[in-house]
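To start, the structure itself, in structure tokens.
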Amino acid sequence: MVHRVPEYLHSAEVKRTGRGQTVVYRLNPEARWSDGRAIGYRDFAVQARALSGRDPRYEIADDTGYRRIARVERGADEQVVKVVFARRYADWRRLFSPLYPAAAYGDPRAFNTGWLERPPVTAGPFRVGRVDRTAKTITLVRDPGWWGRPAKLDRIVYRAMDPMAMPGAFANGEVGLMEVGLDAGALRRVRAADGGEVRRAGGPDSRVFTLNAAGAVLSDVRVRRAVMLGLDRDAIARSDLVGLGVPARTLGNHFYVGTQPGYRDNSGVHGRYDPAAAARLLDAAGWAKRGRHRAKDGRTLALRFVVAAGQPIGGREGELARALLERIGVRVDIEPVPADDLFGRITRGDFDIAPFSWFGTPFPVSSMRAVYARPREGEVRQNYSGGGTATIDATLEKAVTAGDPAEVHTLVNRADRLVWQEALVLPLYQRPQLVAARVDLANIGACGFHQPAYEDIGFAQDASEDG
């Protein structure tokens, strides 16, 4: 899954030093940014500083790993970089991937807004050729400065499109690759398209319901647990995945998906469907039944289920959640919001329940740690639930420090059981990767945990008209 790309990196060696460690990177001296500048020490140093979390002007989502870096040193030349960690970090391979140019991270303004219009600098087989806002396309063109294997394609065009229009565009040959997602109707249409096929993989992504533990109603852990017990995860998974040809298995872990080493189903009593137990919890929390719904101190127990407008899956999940929670006396108000404002609402804490997918990585501990770490100094970052405990933080801290994989798995599963007890996020299922592609399009599709090499993407010679 994680491997060295020789076009950028000749070697990386880790040495333990007391409580800390030093990683020595030896870069490929041929590696260049698209502006001609060599990739080297300064890029590492600037990125480490920007993502450390020490300068609040940088609007970062996660400082895991980078905060542990004490300093970045130049080696014998610009292509030898020594990263010195004050504390050990098991997932050090996660850092500097991707590596960004120093010019883009050198000051907070460039970091926060410098990439809004277009990437200022790239480093790879393709560079940005044209951004057409009218046609809503971005065209990548082969970069003549690329030092690796020549790219097989002359260009790659990305097109922003209404999801409802994508299956038709694929069937008409307007696009050669599209993510099907969880849309069974789209799957049927692309399957019927001439010259197309559907590629499948078990990816690192998970579908979840996030509960706002910082909100007025769900700040009580008993209410959060009741809501989780009142939601039938099996029914939701079957509803979401019907017609996709994948098993509707619920996910029992917040950090690992079912196809990853270390996965254990830790849901226990907290992940089962038990409306009777949910009702008892609500009674204990003082929410008494008043007709159809429960009330306390003159307030009806009502939750806002915020979804992206026009997203069929989220809408169906909201309707199902409303019907299920009605059975335990909880009113659910579904609030569609513009898709581009959904995470604005979530970040502001203006919701009670929000459905979305977490896109995972080969480093589940580090990538998901920020989701469950207690917010610091009022900064939510990726912990949209707003909850957490010191014990969860301490357990995850041990996990990212441990060097033995078996110990890491033990610690992460211990943290996972604590997250289940706090009832912050309800995992639903491992999200399948379903990608429609032209049959002659090679080396791209449903990649699972693999990152494709863009220079290898191309068309099979025996099927392509132009080679």
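Each of Phe209, Phe343, Phe351 was compared with Tyr384 under the ring pair (Phe, Tyr, Trp, His ring centres under 6.0 Å) criterion, and only Phe343 meets it.
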Using residues 105-123 as the side-chain source, report each donor-acceptor pair under 3.5 Å to any protein atom, sequence neighbours left out, with the distance given to one decimal.
residue, atom, partner, partner atom, Å
Asp107, OD1, Arg109, N, 3.0
Asp107, OD1, Ala110, N, 2.9
Asn112, OD1, Glu59, N, 3.0
Asn112, ND2, Arg57, O, 3.0
Asn112, ND2, Pro108, O, 3.1
Thr113, OG1, Arg109, O, 2.9
Glu117, OE1, Arg133, NH2, 2.7
Arg118, NH2, Val128, O, 3.2
Thr122, OG1, Ser34, OG, 3.4

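At a threshold of 4.0 Å, the pair Arg304-Asp350 counts as salt-bridged, since one of the basic side-chain nitrogens sits closer than that to a carboxylate oxygen. Here Glu319 does not pair with Arg316 in a salt bridge; the nearest charged N to carboxylate O distance is not below 4.0 Å.
Within the structure, the side-chain hydrogen bond (donor to acceptor under 3.5 Å, both in side chains) test picks out no pair touching residues 8-22 (sequence neighbours left out). For the salt bridge (charged side-chain N to carboxylate O under 4.0 Å, His left out) condition, the pairs that include at least one residue of residues 384-402, sequence neighbours left out, are Arg68-Glu397, Arg87-Glu397, Arg369-Glu397, Arg374-Asp393. Residue pairs meeting the salt bridge (charged side-chain N to carboxylate O under 4.0 Å, His left out) criterion with at least one partner in residues 92-106, sequence neighbours excluded, are Asp62-Arg94. Under the side-chain hydrogen bond (donor to acceptor under 3.5 Å, both in side chains) criterion, the residue pairs touching residues 217-240 are Asp220-Arg222, Asp240-Tyr429, with sequence neighbours excluded.
Judged purely by atom type and a 3.5 angstrom limit, Arg348 uses its side chain to pair as donor or acceptor with the backbone of Gly344. At least one donor-acceptor pair closer than 3.5 Å links the side chain of Gln47 to the backbone N or O of Tyr100. With hydrogens and angles disregarded, no donor-acceptor distance shorter than 3.5 Å links the side chain of Asp274 to the backbone of Leu229. Checked by atom type and distance alone, the side chain of Asn28 pairs as donor or acceptor with a backbone atom of Pro6 at under 3.5 Å.
By the salt bridge (Lys or Arg N to Asp or Glu O under 4.0 Å) test, Asp43 is found to be paired with Arg37, residues two or more places apart in sequence or in another chain being considered. Shown here are the ring pair (Phe, Tyr, Trp, His ring centres under 6.0 Å) partners of Phe85, two or more places apart in sequence or in another chain: there are none. Listed by chain and residue number, Arg249 satisfy the side chain to side chain contact (heavy atoms under 4.5 Å, CB included) test with Pro247 (two or more places apart in sequence, or in another chain). In this structure, Trp33 has no ring pair (Phe, Tyr, Trp, His ring centres under 6.0 Å) partners at least two apart in sequence or on a different chain. Under the rule for a ring pair (Phe, Tyr, Trp, His ring centres under 6.0 Å), the partners of Phe255 that lie at least two apart in sequence or sit in another chain are Tyr372. With sequence neighbours left out, the ring pair (Phe, Tyr, Trp, His ring centres under 6.0 Å) criterion links Phe359 to no other residue. Taking Val246 as the reference, Arg200, Leu241, Leu244, Pro432 meet the side chain to side chain contact (heavy atoms under 4.5 Å, CB included) condition, with sequence neighbours excluded.
Under the 6.0 Å cut-off for aromatic ring centres, Tyr41 and Tyr25 do not qualify, their centroids lying 6.0 Å or more apart.
A side-chain donor-acceptor contact under 3.5 Å links Gln430 and Thr259. Between Thr210 and Asn212, the side chains place no donor N or O within less than 3.5 Å of an acceptor N or O (distance only, hydrogens not considered). Donor-acceptor pairing under 3.5 Å is recorded for the side chains of Tyr89 and Ser366.
For the residue pair Ile39 and Gln79, the shortest heavy atom distance occurs at O-NE2, 3.1 Å.
More than 12 heavy atoms of other residues, nucleotides or ligands lie within 6.0 Å of OH in Tyr58, so this atom counts as buried by the packing criterion.
A distance of 5.5 Å separates CG in Leu418 from CD1 in Ile392, rounded to the nearest 0.5 Å.
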